[in-house]
Amino acid sequence: MINRNMENIIVRKLNSRRAIIILGARQVGKTTLVRQIARNRYDSALYLNCDEPDVRVMLQNANSSTLQSIIANHDLIAIDEAQRIENIGVTVKLLVDNFPEKAILITGSSSLEINDKIKESMTGRKFEFFMLPMSFAELSEHHSTFEEIRRREHRLVYGSYPEVVISPGDEVEILLEIASSYLFKDIFMLNDLRKPEFLDRLVKAIAFQLGNLVSYNELANLIGIDKKTVVRYIDLLRQAFVIFELPSYSNNARSELRKSNKIYFYDNGIRNAIINDFKIIPMRNDRGALWENYLIVERMKLLNNSNIHYSAYFWRTKSGSEVDYIEERDGMLYAFEFKYRENQGRVTSAFIDAYPDAKVAIINKGNYLRFLTEIDYFEESGE
């Protein structure tokens, strides 16, 4: 068992008269974490898998009396894949309001409906967490930092989904299965996609343009659909935790891009499975993009698993000066440029001149360890 750093934070919030909601893509380890919490922390836990039809029928439109008979004497109630339940927000609200002594743990692999259903009903009654594939820190704690550094190029190609990590030799088959069978499951279940082949073309086009500026018009022309549909499909992919967007940072200077986005994948292995390309790093022309995607997502894992609030951006001027990643925390700006090779590149002077109070650094394979393990990178590094 590889321990997840989020566990301790979640356990501290349980029994707080609020439901704990864990969101994240399928196969990232939500169910395993829930079962581990139930096994290690509670004498009697009830686990309800909403992928099961009878469980859906039982919980749909349940009243407080019905819920009382279901939960009985259990002290932890775990509802897995809750997005499958109609009116789940009302059901969870009833649980929180009528059984405050119970610990309530909810998971969802799609925010397509669970957010709308729960947020309106659950104001002041929930804590929400976002779970990603295994982090550098978690894997280092399990089998040593030295070993994880040795596997750097492996992670750039195959990512860190739990089953991929624990199944050496079977990575390609597992990733192709996740990408084809699990990743888009909730999109197809919850949305009327008349032409799902266009979604497949879109996600492949995004994968080939990893880390580039997004042009909805160009994507629409490339795929053969209208811009409005492209925007809708990208939103579906985002809410299913396949991709995420970084917006551009700007203080409204005329030279800066203000309404642009870049798109990344939550896992390198999934991105490579989508384009069916698992070549080793020395043979790849996209290794710079994979490195950038990897560092941004691993940084996201570190901050999320530490329950740190932040905003993330990229920065670019109309003339092409660019900073790969900007982190805004506690009123401070931290800017990072990513280079795979050591002793390569610098942070553009255009950004330094525009934001003289920002802290800046180049992250490469010689110094990336601190970036992935220390929240206060500059304080620890002395840069």
Side-chain angles (χ1 to χ4, degrees), residues 1-59 62 67 70-85 88 91-92 95-96 99 101-111 114 118 122 126-135 137-139 141-143 159-167 170 174 177-178 181-183 185-186 240-241 266-267 301 304-307:
M1 177 65 68
I2 300 176
N3 293 323
R4 307 304 297 265
N5 291 342
M6 188 178 289
E7 179 178 348
N8 289 333
I9 297 174
I10 290 173
V11 168
R12 287 198 297 270
K13 298 290 188 180
L14 282 167
N15 295 104
S16 60
R17 296 176 179 265
R18 298 191 183 201
I20 305 300
I21 301 173
I22 306 174
L23 297 175
R26 288 180 182 265
Q27 306 293 302
V28 297
K30 301 186 303 298
T31 300
T32 301
L33 176 60
V34 167
R35 289 187 179 279
Q36 181 161 313
I37 291 172
R39 181 173 57 251
N40 295 342
R41 313 273 183 165
Y42 290 88
D43 294 329
S44 178
L46 175 65
Y47 173 78
L48 299 168
N49 180 6
C50 298
D51 278 332
E52 298 285 350
D54 59 329
V55 173
R56 293 200 296 272
V57 171
M58 181 171 57
L59 292 179
L67 292 173
I70 293 171
I71 64 178
N73 297 319
H74 299 290
D75 48 10
L76 171 68
I77 315 303
I79 303 177
D80 206 3
E81 301 299 348
Q83 77 278 355
R84 303 295 310 279
I85 305 295
I88 185 61
T91 300
V92 177
L95 285 171
V96 173
F99 311 101
E101 75 283 3
K102 308 288 187 182
I104 301 170
L105 196 51
I106 312 293
T107 79
S109 61
S110 168
S111 63
I114 194 171
I118 285 186
M122 296 294 295
K126 67 179 176 62
F127 291 114
E128 190 171 297
F129 297 90
F130 179 41
M131 192 169 189
L132 287 158
M134 290 180 169
S135 70
E138 289 166 340
L139 293 171
E141 289 170 7
H142 181 72
H143 58 232
S160 55
Y161 265 71
E163 192 175 357
V164 170
V165 169
I166 65 174
S167 306
D170 295 325
I174 292 169
E177 174 70 11
I178 292 173
S181 299
Y182 292 104
L183 211 57
K185 183 174 183 179
D186 294 301
F241 310 117
Y266 280 114
D267 185 78
K301 293 173 186 176
N304 284 353
N305 290 346
S306 303
N307 206 24

Do [X] and [Y] come close enough that some side-chain heavy atom pair is under 4.5 Å?
{"X": "Asn304", "Y": "Phe129", "value": "no"}
{"X": "Ile70", "Y": "Leu46", "value": "yes"}
{"X": "Met58", "Y": "Leu48", "value": "yes"}
{"X": "Tyr42", "Y": "Asn15", "value": "yes"}
{"X": "Leu95", "Y": "Ile79", "value": "yes"}

Where is the tightest heavy-atom contact between [X] and [Y], given as atom of each residue plus distance?
{"X": "Leu139", "Y": "Ser160", "result": "CD1-CB, 4.2 Å"}
{"X": "Ala19", "Y": "Ile106", "result": "CB-CG1, 4.5 Å"}
{"X": "Ser167", "Y": "Ile174", "result": "CB-CD1, 3.4 Å"}
{"X": "Asp75", "Y": "Ala45", "result": "OD1-N, 4.1 Å"}
{"X": "Cys50", "Y": "Glu81", "result": "CB-O, 3.2 Å"}
{"X": "Arg26", "Y": "Tyr161", "result": "O-CE2, 3.4 Å"}

Roughly how far apart are [X] [atom1] and [Y] [atom2], rounded to 0.5 Å?
{"X": "Leu14", "Y": "Ile37", "atom1": "CG", "atom2": "CD1", "result": "6.0 Å"}
{"X": "Leu33", "Y": "Thr107", "atom1": "CG", "atom2": "OG1", "result": "10.0 Å"}
{"X": "Met134", "Y": "Lys301", "atom1": "CE", "atom2": "NZ", "result": "9.5 Å"}
{"X": "Phe99", "Y": "Ile71", "atom1": "CZ", "atom2": "CD1", "result": "4.0 Å"}
{"X": "Leu105", "Y": "Ile20", "atom1": "CG", "atom2": "CD1", "result": "7.0 Å"}
{"X": "Glu7", "Y": "Ile22", "atom1": "CD", "atom2": "CD1", "result": "9.5 Å"}

Between [X] and [Y] (side chain of the first, backbone of the second, donor and acceptor by atom type, cut-off under 3.5 Å), is there such a pair?
{"X": "Lys13", "Y": "Lys126", "result": "no"}
{"X": "Glu52", "Y": "Asn49", "result": "no"}
{"X": "Asn3", "Y": "Glu138", "result": "no"}
{"X": "Arg56", "Y": "Ile85", "result": "no"}
{"X": "Gln83", "Y": "Ser109", "result": "yes"}
{"X": "Lys30", "Y": "Gly24", "result": "yes"}
{"X": "Asn305", "Y": "Met6", "result": "no"}

Note to self: With side-chain contact (heavy atoms from CB on, under 4.5 Å) as the criterion, how do Asp80 and Val55 come out once you've worked through the C-alpha distance, each side chain's angles and the decisive distance to 0.1 Å?
What the structure shows: CA-CA 10 Å; Asp80 206 3; Val55 173; over 6 Å; no
Note to self: Check this for me: Asn40, atom CG, are more than 12 non-hydrogen atoms of other residues, nucleotides or ligands nearer than 6.0 Å?
What the structure shows: yes
Next item on the list: Determine whether more than 12 heavy atoms belonging to other residues, nucleotides or ligands lie under 6.0 Å from atom CG of Asp54.
Entry: yes
Notebook entry, point to check: In terms of ring plane angle, is the pair Phe241 and Phe130 parallel, tilted or perpendicular, where the classes change at 30° and 60°?
Noted result: tilted
